[in-house]
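Below: the structure, in structure tokens.
Read the numbers this way: they start at 1 and go in the same order the structure lists the ligands and their atoms. Just so it is clear, the model here is predicted, and its values are computed rather than measured.
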Amino acid sequence: MADEVSSATRENVVLVGFMGSGKSSIGRLLAKRLGFQFLDTDHLIIERAGMPISEIFTQQGEAAFRDLETSVLRSIMHLRRCVIATGGGAVIRGENRRLLHELGFVVGLSATEDVIYDRVRRNSKRPLLQTEDPKGTLCQLLDERRPLYEDAAHWTLDTTQLTHDDAVTEIIGAARRAFLWHHAA
Ligand code: S3P
């Protein structure tokens with residue numbers, strides 16, 4: 001496929017997955033081991049908007065946040081040899097999924113509902129989970145998005161039983177095959 005050729009040329013590793021699937025922490029470690037730059041699209045959105053994500057949601061609404069998310073993705077297509085962590089909803093729009101595929105080797109991180117809930121429950125920064133029944137909301141969103149993560153990812157890794165270090169080793173192996181790398185990382 002043409003997008004796989006261009007994503008291999010760019011040599012980026014893009015992490016997609018639900019909130020709490022480990023994109024930022026695994027991504028940081030992965031970048032360190034590869035000697036790549038690490039980028040988090042949520043941080044770029046915050047910089048661009050000049051306010052935290054929760055405020056973008058309350059002041060401008062989710063649609064405005066999604067527009068910012070797409071425009072940030074469009075603006076990073078020139079990057080090479082980066083690890084890019086995305087927000088959990090970056091896969092919702094078809095245009096974003098196409099951009100991510102072009103941007104690099106897209107790794108889908110997954111984990112069981114219980115593990116994800118355990119990771120996100122103590123963090124009040126995620127506006128979509130500020131509901132009366134956060135676990136129910138999480139399960140519903142996860143059901144809706146599972147096919148989208150599968151569609152976006154070139155390869156998927158279940159992190160439920162893995163340490164971050166083991167997850168990084170697995171991702172480097174898969175990236176090496178995808179990019180036909182022969183050097184060690
Ligand atoms: C979102 C996930 C968040 C952030 C925003 C929306 C989502 O990122 O982009 O709150 O729709 O799942 P994380 O996955 O890094 O928490």
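In summary, Arg98 and Glu95 do not engage in a salt bridge, as defined by a charged side-chain N under 4.0 Å from a carboxylate O.
Scanning for side-chain hydrogen bond (donor to acceptor under 3.5 Å, both in side chains) contacts around Ser25 gives an empty result, with sequence neighbours left out.
Formation of a donor-acceptor pair under 3.5 Å by the Asp158 side chain with backbone atoms of Thr160 is found in this model. In this structure, the side chain of Arg10 engages the main chain of Met77 through a donor-acceptor pair within 3.5 Å.
Side-chain atoms of Asn96 and Val91, non-hydrogen and from C-beta on, never get closer than 4.5 Å to each other.
For a heavy-atom separation below 4.0 Å, the residues in contact with ligand 1 are Met19, Lys23, Asp42, Ile53, Phe65, Arg66, Gly87, Gly88, Gly89, Arg126, Pro127, Leu128, Arg145.
Other residues, nucleotides and ligands place more than 12 heavy atoms under 6.0 Å from the CD atom of Glu144.
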